[in-house]
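Let me begin by presenting the structure, written as structure tokens, before commenting on it.
Whatever order the structure lists ligands and atoms in, that order sets their numbers, starting from 1.
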Amino acid sequence: MSKATETVLEIDLRALEHNYLYLKGRLRPETGFLGVVKAFAYGSDSIIIAKKLEALGVDYLAVAYAKEGVVLRDAGIRTPILVLHPLPVNFDEMIECCLEPSLYSQKILEGFLEAAKRKVQKDYPVHLKFNTGLNRLGFVGSDVDYLAAQLNGREELKVASILSHLAASEDLNEKAFTQNQIEAFEKISVKIHKKLDARPFRHLLNTSGIINNPEAQYDMVRSGIGLYGFGNDVKIDKQLRPVATLKTVISQIHSIAPGESIGYNRAFVTHSPRVTATLPIGHADGIGRQYGNGKAHVTIRGNKAPIVGNVCMDMIMVDITDIDCQEGDEVIIFGGNHTANEFARDAATISYELLTGISQRVKRKILSE
Ligand SMILES: *Cc1c(COP(=O)(O)O)cnc(C)c1O
């Protein structure tokens with residue numbers, strides 16, 4: 001593997017394939033698989049990830065917002081794309097790009113129906129999202145009569161699936177809550193089956209659901225973080241391979257005398273002679289200020305170098321007093337033995353936030369062979 005000479009996010013498609021096959025292997029062979037590629041495929045590269053997932057044979061892709069799906073269609077992705085959080089302003093473009101909405105309210109359903117009429121659609125695939133406890137988006141069970149009245153005999157739309165989303169599938173202390181959500185989804189399914197002419201397929205589980213509640217896999221699962229190498233579970237993490245590794249280089253080394261300060265607002269003052277390395281990555285690249293002042297560390301030649309002082313917009317300084325290294329040496333921000341999950345945890349956040357925050361300024365490098 002070549003050494004980094006600037007800040008680069010390496011994206012390992014072999015790891016993606018491994019994770020996909022691992023997660024598939026935990027499911028019944030006939031269960032469909034939706035790959036979640038929202039937020040630049042969890043901060044990596046949505047086009048490249050979507051192309052790889054398409055080649056691997058996923059049944060569906062999902063994005064959060066319509067624009068993310070348009071980018072994939074423009075890149076030639078042909079797999080069905082579910083838009084998890086559609087907004088009325090995007091309905092016409094969604095239809096033009098064959099993006100399938102997750103309908104979550106009366107306003108959204110009626111707005112989408114109007115758009116489908118305007119664009120003279122027949123059997124346009126839509127999905128009905130139900131709120132079973134997350135209290136974020138979705139219809140509730142008592143909306144099923146309304147849904148039947150709106151959708152039965154309606155030529156323009158076809159209900160392809162129904163879905164819900166678990167609130168705490170990674171938290172084993174919340175097993176009872178998750179069970180309640182599964183039961184609520186089950187009840188809604190029965191009602192839908194009774195009242196709706198359509199025979200939609202069903203999906204509920206995210207990555208942690210696949211791990212902890214495989215009995216509720218229904219017809220398809222929706223995985224994001226697991227594809228990128230994290231399972232919200234120490235044992236599962238050992239089976240997965242992180243897709244993204246963030247690397248940079250040492251720009252300059254400083255010897256700092258006792259009593260001097262380092263960085264903005266003089267947040268770090270030395271008590272003993274220190275050696276620091278300045279790195280070309282800052283909060284504008286996605287390493288937020290919460291990682292500064294000793295919270296997180298980077299790895300240089302296998303050694304831990306804590307971030308000293310405040311994170312700047314374009315740079316961080318790290319303490320290399322006890323590390324034998326030189327200007328130009330490679331630095332691992334996260335990856336390898338110090339995963340994004342651990343890096344995030346050191347600053348009391350989660351891998352999802354760290355990964356999706358890696359900004360578009362950081363060069364992406366694809367590893368595929
Ligand atoms: C983001 C998202 C997922 C994927 O969740 P992971 O925990 O990353 O697997 C699945 N379903 C919905 C509705 C989502 O918003």
Under 4.0 Å, heavy-atom basis, I'd like to know which part of [X] is in contact with ligand 1: side chain, backbone, both or neither.
| X | answer |
| --- | --- |
| T207 | both |
| I225 | both |
| H203 | neither |

Could you find the nearest protein heavy atom to [atom] and give me its residue, atom name and distance?
| atom | answer |
| --- | --- |
| atom 11 (N) of ligand 1 | R222 NE, 2.9 Å |
| atom 15 (O) of ligand 1 | K38 NZ, 2.7 Å |
| atom 7 (O) of ligand 1 | Y352 OH, 2.7 Å |
| atom 5 (O) of ligand 1 | N206 CB, 3.5 Å |

Classify the ring geometry of [X] against [Y]: parallel below 30°, tilted from 30° to 60°, perpendicular beyond 60°.
| X | Y | answer |
| --- | --- | --- |
| Y42 | Y352 | tilted |
| F139 | Y146 | tilted |
| H127 | F201 | perpendicular |

What do the steps show when you test R274 against T276 for side chain to side chain donor-acceptor pair (under 3.5 Å), and what is the final call? CA-CA 6 Å; R274 306 310 297 172; T276 63; over 6 Å; no
Would you say G224 has any N or O atom under 3.5 Å from an N or O of ligand 1, going by distance alone?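 For ligand 1, there is an N or O atom that lies under 3.5 Å from one belonging to G224.
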With heavy atoms of R136 as the reference, note each atom of ligand 1 found under 4.0 Å away.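 Selected atoms, number and element: 15 (O).
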